[in-house]
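Numbers for residues simply follow the sequence, beginning at 1. The structure presented is a predicted model; accordingly, all values stated were derived computationally and were not measured.
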Amino acid sequence: MNIQDLTQYMTLAGSAIAAVAGIWNLRLQMRGKRDRFLVRLGTVSPSIEEETTLSIVSLSDHQIQLTDWGFVESNSTFTSIPLELDAGYIVSGEILSRGSTTLENFGRQFVAGYVRRDKPLGAFAISSTQHRPVITFDKAMPLLRRIWIRLRLLFQSSYLGW
């Protein structure tokens, strides 16, 4: 092996490393542009409020605009809090709301809820750039029903029409 062959192998190895690094960088940049947030039943910190609440916490470094949020009922239907408010089923004075629906950066929180008779078995939220809602389930929700809801969302994303 002479010096010219060694130079060609080194050039090839450098090109391959640069290509892999470029693809990895592009992947990281595109992944960072997705709206990522955590949805949970209840508040982020312990509370003695009588309202049934859900919490949404941003996991993205960019601004997220929430468009819908609510509860997953025991019969697998979705109850949208903004839709219930617009339809007049609940009054704005009955709603507990903390934070803004615009999550500006990482760690921002939004809490919403109201007094309910039945305990929901899950919570959901969706942002303006998503096709399907992010959902979370209570431990009381049976595993088969969880799987059924997730599969149904995968194939039929119009969750309010169920």
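- Summarising the geometry, atom CD1 belonging to Ile56 is positioned 7.0 Å from atom CG belonging to Leu103; distances are rounded to the nearest 0.5 Å.
- Across all their heavy atoms, Asp35 and Gln63 have their closest contact at OD1-O, 4.4 Å.
- Two rings, from Phe78 and Phe71, have their centers 6.0 Å or more apart.
- Shortest non-hydrogen contact noted between Arg132 and Ile126 is C-CD1, 3.7 Å.
- By the criterion of side-chain heavy atoms lying less than 4.5 angstrom apart, applied directly or through intervening Ile, Leu, Val, Met, Phe, Trp or Tyr residues, Ile149 is grouped together with Phe124 in one hydrophobic cluster.
- By the criterion of side-chain heavy atoms lying less than 4.5 angstrom apart, applied directly or through intervening Ile, Leu, Val, Met, Phe, Trp or Tyr residues, Val57 is not grouped with Val39; the two fall into different hydrophobic clusters.
- Within 6.0 Å of atom CG in Leu154, more than 12 heavy atoms from other residues, nucleotides or ligands are found, so the atom counts as buried in its surroundings.
- Taking OG of Ser100 as the start and CZ of Phe110 as the end, the distance is 8.0 Å to the nearest 0.5 Å.
- Side-chain atoms of Thr79 and Pro120, non-hydrogen and from C-beta on, never get closer than 4.5 Å to each other.
- Cation-pi contact between Arg145 and Trp148: absent, since separation from the ring centre below 6.0 Å together with deviation from the ring axis within 45° is not met.
- With a 4.5 Å cut-off on side-chain heavy atoms, Thr52 and Val115 do not count as touching.
- Within the 4.5 Å cutoff, no side-chain heavy atoms of Pro133 are placed close to those of Trp69.
- Taking every heavy atom of both residues into account, Leu85 and Ile90 meet most closely at CD1-O, 3.6 Å.
- Within the structure, side chain to side chain donor-acceptor pair (under 3.5 Å) contacts touching residues 102-122 (residues at least two apart or in different chains) are Gln65-Thr102, Glu73-Arg116, Asn105-Arg108, Tyr114-Arg116, Lys119-Asp138.
- Nearest heavy-atom pair, Leu121 versus Ala140, reported as atom, atom and distance to 0.1 Å: CD2-CB, 3.9 Å.
- Leu59 is listed as a side-chain neighbour of Leu38, based on a closest heavy-atom distance under 4.5 Å.
- Smallest separation of non-hydrogen atoms from Ala123 and Leu41: CB-CD2, 3.8 Å.
- Put simply, CG on Leu54 and OG1 on Thr43 are 10.5 Å apart, with the number rounded to the nearest 0.5 Å.
- Arg146 places a side-chain N or O within donor-acceptor distance of the main-chain N or O of Met141, the cut-off being under 3.5 Å.
- Proximity of a side-chain donor or acceptor of Gln156 to a complementary backbone N or O of Leu153 within less than 3.5 Å is not detected.
- Linking Ile, Leu, Val, Met, Phe, Trp and Tyr whenever their side-chain heavy atoms come within less than 4.5 Å leaves Val44 and Leu96 in two separate clusters.
- Under 3.5 Å, the side chains of Ser80 and Asp68 contain a donor-acceptor pair of N or O atoms.
- With rounding to the nearest 0.5 angstrom, the NE2 atom of His131 is 14.0 Å from the OG atom of Ser158.
- Following chains of ILVMFWY side-chain contacts shorter than 4.5 Å, one can reach Tyr159 starting from Ile135, so the two form part of one hydrophobic cluster.
- Within a 6.0 Å radius of CG in Leu144, no more than 12 heavy atoms belonging to other residues, nucleotides or ligands are found.
- Following chains of ILVMFWY side-chain contacts shorter than 4.5 Å, one cannot reach Phe137 starting from Phe37, and the two form parts of different hydrophobic clusters.
- Ser60 approaches Arg34 most closely through the heavy-atom pair OG-O, 3.2 Å.
- Here Val20 sits alone; no ILVMFWY side chain lies under 4.5 Å from its own, so it joins no hydrophobic cluster.
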